[in-house]
Structures are given as C-alpha cells and as structure tokens.
S.K.: 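Below you'll find the structure I mean.
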Amino acid sequence: MKKHFTAIMLVAAALIMTACGNKAGNGETQDSTAVAENTTQEVTEEDDDYEVPERTIVSIRQTWADKTLKVDANQSKVSIKDFTKAFCEAYPQCKTNEALKRYLSNPDAAAKNEYSLEIDNPEYDYPDEFDIYCNPKSGFIRCMQVLQTDRYTYACYWNRTNGHKLVAAYMEECWEQVDWDQCLICFYDYDPATGVMTPEPALTKMIEERMKKYEYCYYIRLPEEGKNIEVTGVDSVEEDACADETFTLKWDGMTFKWVD
C-alpha cells in the first residue's frame, strides 16, 4: 500500500515539474530535483503516520474463549438460528453479526431462510447492505455484507455422539490490507441439558497453529453439505503469484482431525 501510494505521488511530482518547466519562458524556474525529493519525503511521512483502523474481530478474539453463551430456545427444537442468535447477541460489534442479530430477533424475518436488510451507517450517506441465507436442515447459515471486499459470518453445527452439539461461528472481515486479524473461528460445545454453549478454544488453536506458517492469512469454509471443514492458508495475494494451500479437517463424531 505504501509503495503504491508513494509511486502515485512521484508521478504527480513529475507532472508538477513539467508544468514548472513550461513556465520557464515567463522567467519562473524551479529545481526539479528538490521538488521530487520534498514531495517524496512528505508523502512518506504522511503514509507512515496513517494507522489502519482495528478490525472488530480483534475485540472478539480477546474475550470469546472465556465466555459461555446461554441459548434461549426449546431444547427439543433448537436450531442453527438459535445458536447463531446467541453468538451474535454476545458479539454484535462485527457488522455481519449485528445484521444476523437483527434478522434473528425479528420473528417475521427469521421465519424466512433468505433475507436482505439495511443498517444505517453514520459515516456515509447510504446504509450498509446485507444478504442472509439459511439452510436449517443442514444446520448452516451465512450473512454477507454487500461490498467489494469479503465481509461474512458463517455458522453451522454437528451432532456429537454424546448427545451434545459442536457449534462453529466463522467471521471474515477483509479490507484492502490482508492480515491475520481479518478472520476468526469460534467453536462451542452445546449441552442440551443446560442450554449452554461452552467455548472450545483448543480447536481454534489447532487451526491457527497449522496456519501460522502462512504469511498473509487463512480462510475457512464451513460445510453446508457434508461434515468436513476446509482451511486454506495464503502465502501471496498477488494475482500473478497466488500461493495458497488447502487442508481438510475431518469430522469423527466428536471433533475434528487433520487429513494429511
């Protein structure tokens, strides 16, 4: 980002120098080298001072592993919508979570499995738009913010052999700059006897430990069909030098294990 920005300003400096040269017939001259050096210095200093805003996922990462969630639902009819509502009510700072919370808190809206909504954005003259899709039979739900960059929340669950359920919520908050803070997956054990979702951070740690060798980031695909999870590590984001590798986490009835 910094290199691109500086390059643009160097072009601007060249244009300025050309314009100054055209004025020489009027007796106006400038040291073109000084113009270029001063412009580059100013841009570099300004770019160094720019701070990228912190992603909302960062604050969720700091707290989710220590917080249980109560699921307010009929235990015999609990669904992916109930699990997702409990999660998004606890962590609405992520915009796609907030959209899911509003959708699931509205009985008329939540009765539909495909839904679109808008949320006012005080920073702009237009609202944020979101598309929501749910497949209740597959225990799968997705919320996508309508943007050029990827902003998602996915959730799904698996039936455990001990009568519990494993719930996963995956958030992706991609900006122009790619880094590890743009995504987070949270796992929970749901106990139908108590109606409580208890964090299982060991599964998150297992994924992040394997992905830490990748320079840029990683992505996760939760299954709408089937039971396995796909995890992709990204080493390059250049269009002509894309370097990534995809791994599979296989479901064994209680948890996940890597397929090497």
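Here, residue 1 is the first one in the sequence, and each next residue gets the next number.
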S.K.: Apply side-chain contact (heavy atoms from CB on, under 4.5 Å) to L104 and C88, showing your working.
M.R.: CA-CA 9 Å; L104 295 168; C88 292; 5.7 Å; no

S.K.: Hey, what do you get for CD (E98) to CD (Q93), rounding to the nearest 0.5 Å?
M.R.: 10.0 Å

S.K.: Let me confirm one number: the NZ-CG distance from K85 to D72, rounded to the nearest 0.5 Å.
M.R.: 6.5 Å

S.K.: Are any of the side-chain heavy atoms of Y218 and C183 separated by less than 4.5 Å?
M.R.: yes

S.K.: Identify whether M254 and L203 are in the same connected component of the hydrophobic contact network (ILVMFWY, side-chain heavy atoms under 4.5 Å).
M.R.: no

S.K.: Any side-chain donor-acceptor pair under 3.5 Å between E118 and Y126?
M.R.: no

S.K.: State whether the side chain of K70 and the backbone N or O of T194 hold a donor-acceptor pair below 3.5 Å, judged by distance alone.
M.R.: yes

S.K.: So, applying side-chain contact (heavy atoms from CB on, under 4.5 Å) with K165, which one of D189, V71, V78 is it?
M.R.: V78

S.K.: Could you tell me whether F87 and F83 have their ring centroids closer than 6.0 angstrom?
M.R.: no

S.K.: Supply the atom-to-atom distance K257 NZ to D252 CG, rounded to the nearest 0.5 angstrom.
M.R.: 5.0 Å

S.K.: Take Y188 and W64, measure what side-chain contact (heavy atoms from CB on, under 4.5 Å) needs, and give me the verdict at the end.
M.R.: CA-CA 10 Å; Y188 294 86; W64 79 272; 3.8 Å; yes

S.K.: Would you call the rings of W258 and F247 parallel, tilted or perpendicular if under 30° counts as parallel and over 60° as perpendicular?
M.R.: perpendicular

S.K.: Are I80 and V196 linked, directly or through intermediate hydrophobic residues, by side-chain heavy-atom contacts shorter than 4.5 Å (ILVMFWY only)?
M.R.: no

S.K.: Counting C-beta onward and ignoring hydrogens, is there a side-chain heavy-atom pair between D128 and F130 closer than 4.5 Å?
M.R.: yes

S.K.: Work out which heavy atom in W251 is nearest to a heavy atom in T255; give both atom names and the distance.
M.R.: CE3-O, 3.2 Å

S.K.: Any donor-acceptor pair under 3.5 Å linking the side chain of T96 with the backbone of R151?
M.R.: no

S.K.: For a side chain to side chain donor-acceptor pair (under 3.5 Å) check, start with the C-alpha distance between T153 and N97, then their side-chain angles and the critical distance, and finish with the verdict.
M.R.: CA-CA 6 Å; T153 295; N97 288 0; 2.7 Å; yes

S.K.: Are M206 and I229 connected in the hydrophobic side-chain network, where two residues link if heavy atoms are under 4.5 Å apart?
M.R.: yes

S.K.: Check the orientation of W158 and F256. Use parallel for under 30°, tilted for 30 to 60°, and perpendicular for over 60°.
M.R.: perpendicular

S.K.: Looking only at heavy atoms, which two atoms of K250 and N228 are closest? And how far apart?
M.R.: CA-OD1, 3.3 Å

S.K.: Give a yes or no on whether the backbone of H164 and the side-chain of D191 come within a donor-acceptor separation of less than 3.5 Å.
M.R.: no

S.K.: In Å, rounded to the nearest 0.5 Å, how long is the span from CG of L184 to CD1 of I60?
M.R.: 7.0 Å

S.K.: Please determine whether residues Y170 and M144 belong to a single hydrophobic cluster, defined as Ile, Leu, Val, Met, Phe, Trp and Tyr linked transitively by side-chain heavy-atom distances below 4.5 Å.
M.R.: yes

S.K.: Please check if the number of heavy atoms outside D120 that lie under 6.0 Å from its CG is greater than 12.
M.R.: no

S.K.: Considering non-hydrogen atoms only, spot the tightest contact between G195 and Q75 and give its length.
M.R.: CA-OE1, 3.6 Å

S.K.: Side chains of K227 and N159, heavy atoms from C-beta outward: is any pair under 4.5 Å?
M.R.: no

S.K.: Quick check against the 3.5 Å criterion: does T204 have a side-chain atom that pairs as donor or acceptor with the backbone of I185?
M.R.: yes

S.K.: Find the distance between CG (L222) and CZ (F140) and round it off to the nearest 0.5 Å.
M.R.: 7.0 Å

S.K.: Are S116 and E129 side-chain neighbours, meaning at least one heavy-atom pair lies under 4.5 Å?
M.R.: no

S.K.: May I have the step-by-step check of side-chain contact (heavy atoms from CB on, under 4.5 Å) for I119 and R102, ending in yes or no?
M.R.: CA-CA 9 Å; I119 298 178; R102 296 191 185 199; 3.7 Å; yes

S.K.: Please find the pair of heavy atoms, one from S138 and one from E225, that lie closest to each other, and give the distance.
M.R.: OG-OE2, 3.9 Å

S.K.: What is the distance from atom CD1 of I57 to atom CE of M171, rounded to the nearest 0.5 Å?
M.R.: 5.5 Å

S.K.: Tell me if a side-chain donor or acceptor on S79 pairs with a main-chain N or O of K81 at a distance below 3.5 Å.
M.R.: yes

S.K.: Kindly give the heavy-atom pair with the smallest separation between P223 and C156, and that separation in Å.
M.R.: CD-SG, 4.0 Å

S.K.: Grab the two heavy atoms, one from C143 and one from L100, that are nearest each other, plus how far apart they are.
M.R.: CB-CG, 3.5 Å

S.K.: State, yes or no, whether a side-chain contact exists between T56 and K95 at a heavy-atom distance under 4.5 Å.
M.R.: no

S.K.: Before giving the answer on salt bridge (charged side-chain N to carboxylate O under 4.0 Å, His left out), spell out for E200 and R160 the whole-Å C-alpha distance, their side-chain angles and the decisive distance to 0.1 Å.
M.R.: CA-CA 14 Å; E200 288 200 4; R160 283 179 151 167; 2.8 Å; yes

S.K.: Using distance alone, with no hydrogens and no angle criterion, decide if T246 and T232 have a side-chain donor and acceptor under 3.5 Å apart.
M.R.: yes

S.K.: Using side-chain contact (heavy atoms from CB on, under 4.5 Å), reason through K67 and Y91 one step at a time and then give a plain yes or no.
M.R.: CA-CA 11 Å; K67 184 177 180 179; Y91 304 108; 3.5 Å; yes

S.K.: Would you please indicate yes or no on a ring centroid separation below 6.0 angstrom for Y190 and Y157?
M.R.: no

S.K.: Using modelled atom types and a 3.5 Å cut-off, is there a donor and acceptor pairing between side-chain atoms of Q182 and backbone atoms of C217?
M.R.: no

S.K.: Distance alone, cut at 3.5 Å: any donor-acceptor contact between the side chains of N106 and K112?
M.R.: no

